[in-house]
Colleague: 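Dumping the structure here so I can ask a few things about it.
Every heavy atom of this structure was used, including side-chain atoms; hydrogens, water molecules and symmetry mates were not. Both counts, for ligands and for their atoms, begin at 1 and track the order of listing. Index from 1, following the sequence.
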Amino acid sequence: MARIPLKQLLADDPKKVLVLDGGQGTELENRGIKVANPVWSTIPFISESFWSDESSANRKIVEEMFNDFLAAGAEILMTITYQTSFKSVSENTPIKTLAAYDNLLTRIVDFSRDCIGEEKHLIGCIGPWGAHVCCEFTGDYGPNPENIDFYQYFKPQLDNFNRNEKLDLLGFETIPNIHELKAILSWDESILSKPFYIGLSVHEHGVLRDGTTMEGVAKVIKDLGDKINPNFLLLGINCVSFNQSPDILESLHRALPNMPLLAYPNSGEVYDTEKKIWLPNSDKLNSWDTVVKQYIGSGARIIGGCCRTTPKDIQEISAAVKKYT
Ligand SMILES: C[S+](C)CC[C@H](N)C(=O)O
Ligand SMILES: N[C@@H](CCS)C(=O)O
Ligand SMILES: [Zn+2]
């Protein structure tokens, strides 16, 4: 059975909320893959044995992770390509040419689609420019962020993902800087020809990591008016603090009441970018039940978990989504 295009699915049933998967990189780490390296969760796919040996240990781990998120209730899942930009891959792995990079992405998407089957929706995950220098939680893009050529950075991944029919949606996630947001939103259908969403990396005080307020974010979208790419389907927050996430989503909803939103916070732990480890932060103040109810009240149409959330979290999210929709 063909999948319903997401734009149609969300429009046809205004109450439908899709359950997303959880933190993939950190879940692979929980299961024994060492992701603390310059391409982070891309690492298992770099080794040729992943592709040539069907019984490779890493291959089993990735398959089992997808299975466990599916069993927990995920209806839309991501490719594990957060740090798989051409720049990150070509600078840090033996994959140096655009042709070899293209082959890598196609293999990962094919493999992900095989893992989740034909019925579930698949997101082509695209991490921010800052991921390759690990500043997705500071938003510090240097002294002249307006001069960064974001298009050149994303183009190889976009060119591949745009033409891959196994992907239903592109996800720019953990975007911490307003210049990057403006760049993505300036691209028309010739550059972004598939439906896409943008997940913002927001500080626990409720501003984008670079200090931009949610009103400032909304202004960029409002100013574009009807020039906005019709493929821009959802805006939201990801890898933000679990405890603060309902308030942050609510502030985005107030600023953009008609925008379909999405939310997938992290566990509340904080990433140490030097040591590449997660440090405990405050305890969870709320349950997923409470948080999901608030997200839905704020217009969320896709809800899941980001770093350090597990299939158990997705199970709780799924139960809450069923209860409140
Ligand atoms: C979302 S963070 C945990 C991704 C990893 C980071 N960019 C790093 O390279 O360590
Ligand atoms: N999509 C990524 C999140 C990075 S913040 C992952 O799930 O690993
Ligand atoms: Zn994350």
Side-chain angles (χ1 to χ4, degrees), residues 19-31 33-46 61-62 65-66 68-69 72 74 76-85 87-89 91-93 108-109 112 115-116 122-141 153 157 161 167 169-177 180 196-204 209 236-242 245 262-279 281 302-311 313-314 317:
V19 177
L20 177 69
D21 57 9
Q24 298 178 322
T26 52
E27 187 57 21
L28 294 182
E29 189 167 43
N30 287 341
R31 294 167 187 234
I33 295 181
K34 291 190 173 42
V35 298
N37 76 89
V39 291
W40 202 51
S41 57
T42 312
I43 201 69
F45 306 112
I46 300 299
I61 290 174
V62 179
M65 182 202 75
F66 274 120
D68 291 349
F69 279 131
I76 180 163
L77 299 98
M78 286 190 189
T79 58
I80 308 168
T81 46
Y82 177 79
Q83 222 143 294
T84 319
S85 67
K87 186 169 172 63
S88 286
V89 168
E91 287 180 2
N92 297 294
T93 80
I108 297 176
V109 174
S112 311
C115 287
I116 72 167
L122 184 61
I123 299 169
C125 169
I126 305 174
W129 178 89
H132 83 283
V133 279
C134 225
C135 56
E136 59 269 74
F137 298 123
T138 64
D140 182 358
Y141 276 23
Y153 178 78
Q157 198 165 2
F161 281 0
L167 294 175
L169 183 66
L170 305 185
F172 291 93
E173 52 169 20
T174 336
I175 301 294
N177 185 288
E180 185 168 33
F196 71 96
Y197 76 78
I198 299 178
L200 303 171
S201 175
V202 179
H203 193 271
E204 56 188 7
R209 303 282 178 174
I237 54 174
N238 80 282
C239 222
V240 302
S241 153
F242 176 84
S245 60
L262 86 170
Y264 54 110
N266 59 37
S267 63
E269 290 155 282
V270 174
Y271 192 58
D272 178 329
T273 54
E274 293 294 315
K275 298 193 183 118
K276 294 190 188 284
I277 54 170
W278 290 85
L279 305 171
N281 194 15
I302 297 183
I303 299 176
C306 204
C307 294
R308 302 283 287 173
T309 64
T310 68
D313 294 288
I314 301 308
I317 291 169

Colleague: Closest by any non-hydrogen atom to atom 1 (N) of ligand 2: pick that one out of Glu173, Gln24, Glu27, Gln83.
Modeller: Glu173
Colleague: Do Asn30 and Arg308 make a side-chain contact, defined as non-hydrogen atoms from C-beta onward lying under 4.5 Å apart?
Modeller: yes
Colleague: At the 4.0 Å heavy-atom cut-off, does Cys306 count as touching ligand 2?
Modeller: yes
Colleague: Would Cys307 count as being in polar contact with ligand 2, using the rule that some N or O on each side must be under 3.5 angstrom apart?
Modeller: no
Colleague: Indicate yes or no: does an N/O atom of Lys276 lie under 3.5 Å from an N/O atom of ligand 1?
Modeller: yes
Colleague: Can you list the atoms of ligand 1 that are under 4.0 Å from a heavy atom of Cys134?
Modeller: 6 (C), 7 (N), 8 (C), 9 (O), 10 (O)
Colleague: Are any of the N/O atoms in Tyr271 less than 3.5 Å from those in ligand 1?
Modeller: yes
Colleague: Does a donor on one side chain sit under 3.5 Å from an acceptor on the other, for Glu136 and Tyr271?
Modeller: no
Colleague: Which residue and atom name correspond to the protein heavy atom nearest atom 5 (S) of ligand 2, and how close is it?
Modeller: Thr174 OG1, 3.3 Å
Colleague: Under 4.0 Å from any heavy atom of Trp278, which atoms of ligand 1 are there?
Modeller: 3 (C)
Colleague: Suppose I only count heavy atoms of Gln83 and a 4.0 Å limit; which atoms of ligand 1 are within that range?
Modeller: 4 (C), 5 (C), 6 (C), 7 (N), 8 (C), 9 (O)
Colleague: Going by the order shown, which atoms of ligand 1 are within less than 4.0 Å of some heavy atom of Glu136?
Modeller: 1 (C), 2 (S), 4 (C), 6 (C), 7 (N)
Colleague: Trp40 to ligand 1: N or O pair under 3.5 Å?
Modeller: no
